[in-house]
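Because the structure is a prediction, the values reported are computed rather than measured.
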Amino acid sequence: MKKTKLYKAMQKLALSFFVLFCSCCFAQQKDEINTVIQQWHKAAADANFDAYFGLMTEDAIFIGTDPTENWNYTDFKAFSKPYFDKGKAWSFSDLERNIFVSDNADLAWFDELLDTQMGICRGSGVLQKTENGWKIKHYVLSIAIPNNNVTEITKLKEKFDTDLMSKLRSAKN
């Protein structure tokens, strides 16, 4: 009888240590991921081209605020280079960020609200764990529009949207 109680107590203790250990590991991974995202944004603000693109996978995708901005890594580098060369890329600082990690801890995704030169923007992305640490694999940036302003923004961009939709529909056929 005493052995069973002792055994059960040891099982509970072992389980508690395991849960605590996993929680610490998960928190550490989230901190690492947050640091990578912070470094990535800082590299842009500092116009550090090599650091910025060094924090992305070579098959990364960057989707910008304009509907035509859907770049692979190489095209995004070419688009961005003149901005970095001028010493002024873009400056985003996080207002809020949520990070999630896959069960096998090789992928993470996040969403963030950003303070930018365009006002509040929303960013979301995917990071992949590589041999060289966490790297950004996919990123989407959008301008956050309050619901109360959607009608006026829709009117403002109506011609652009109509022309682009027509062009894209024609390309599908």
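- Residues Gln29 and Lys129 meet the side-chain proximity criterion, which asks for heavy atoms closer than 4.5 Å.
- Here the closest non-hydrogen pair linking Asp94 and Leu114 is CA-CD2, 3.9 Å.
- Note that the CE atom of Met56 and the NZ atom of Lys77 stand 10.0 Å from one another [nearest 0.5 Å].
- Using a 3.5 Å distance cut-off with no hydrogens or angles, the side chains of Asp66 and Thr68 do pair a donor with an acceptor.
- In this structure, Lys88 contributes its side chain and Tyr83 its backbone to no donor-acceptor pair below 3.5 Å.
- Rounding to the nearest 0.5 Å places CG of Asn173 at 11.5 Å from CG of Leu168.
- For CD1 of Ile120, the number of neighbouring non-hydrogen atoms (other residues, nucleotides, ligands) closer than 6.0 Å is 12 at most.
- Note on Arg97 versus Asp111: no salt bridge recorded, every NZ/NE/NH1/NH2 to OD/OE distance being 4.0 Å or above.
- Looking at every heavy atom in both residues, Trp71 comes nearest to Asp75 through CD1-CB, 3.7 Å.
- Listed for the Ser166 side chain is no donor-acceptor partner under 3.5 Å among the backbone atoms of Thr162.
- With hydrophobic clusters built from ILVMFWY side chains whose heavy atoms lie under 4.5 angstrom apart, Leu127 shares a cluster with Tyr73.
- Transitive grouping of hydrophobic side chains (ILVMFWY, heavy atoms separated by less than 4.5 Å) brings Phe79 and Tyr139 into a common cluster.
- A cation-pi arrangement is present between Lys81 and Phe49, with the terminal nitrogen or guanidinium carbon under 6.0 Å from the aromatic centre and inside a 45° cone about the axis.
- Put simply, NZ on Lys137 and OG1 on Thr130 are 10.0 Å apart, with the number rounded to the nearest 0.5 Å.
- Residues Val140 and Arg122 have side chains not in contact (no heavy-atom distance under 4.5 Å, counting atoms from C-beta outward).
- A salt bridge does not link Lys167 to Asp163: none of the charged nitrogens lies less than 4.0 Å from a carboxylate oxygen.
- Looking at every heavy atom in both residues, Pro67 comes nearest to Phe160 through CG-CE2, 3.5 Å.
- Ring geometry for Trp90 versus Phe84: interplanar angle over 60°, hence perpendicular rather than tilted (30 to 60°).
- Side chains of Thr57 and Ile136 form no contact here, defined as non-hydrogen atoms less than 4.5 Å apart.
- Partners of Ala43 under the side-chain contact (heavy atoms from CB on, under 4.5 Å) rule, at least two apart in sequence or in another chain, are Asn48, Ala51, Tyr52.
- Side chain of Glu69 to backbone of Thr65: a donor-acceptor contact under 3.5 angstrom is found.
- Taking the six-membered ring where the residue is Trp, Trp40 and Phe62 present tilted rings, their angle falling between 30° and 60°.
- Here the CG-OG distance, from Leu141 to Ser124, works out to 9.0 Å after rounding to the nearest 0.5 Å.
- Proximity of Glu112 to Asn98: side-chain heavy atoms (C-beta onward) are nowhere separated by under 4.5 Å.
- The shortest non-hydrogen separation linking Thr116 to Gly119 is OG1-O, 2.8 Å.
- Gln28 and Asp31 share no donor-acceptor pair across their side chains, judged by distance under 3.5 Å alone.
- Ala47 approaches Gly87 most closely through the heavy-atom pair CB-C, 3.5 Å.
- How far CG of Leu55 is from NZ of Lys42: 12.0 Å, rounded to the nearest 0.5 Å.
- Within the 3.5 Å criterion, the main-chain N or O of Ile99 finds a donor-acceptor partner in the side chain of Lys30.
- Atom-to-atom distance recorded for Ser93:OG and Leu113:CG is 11.0 Å, nearest 0.5 angstrom.
- Pairing each heavy atom of Ile61 with each of Asn70, the nearest pair is CG2-OD1, 3.6 Å.
- In this view, His41 and Phe92 satisfy the ring-ring contact (aromatic ring centres under 6.0 Å, His included) rule, not counting sequence neighbours.
- Glu152 places none of its side-chain heavy atoms less than 4.5 Å from the side chain of Leu156.
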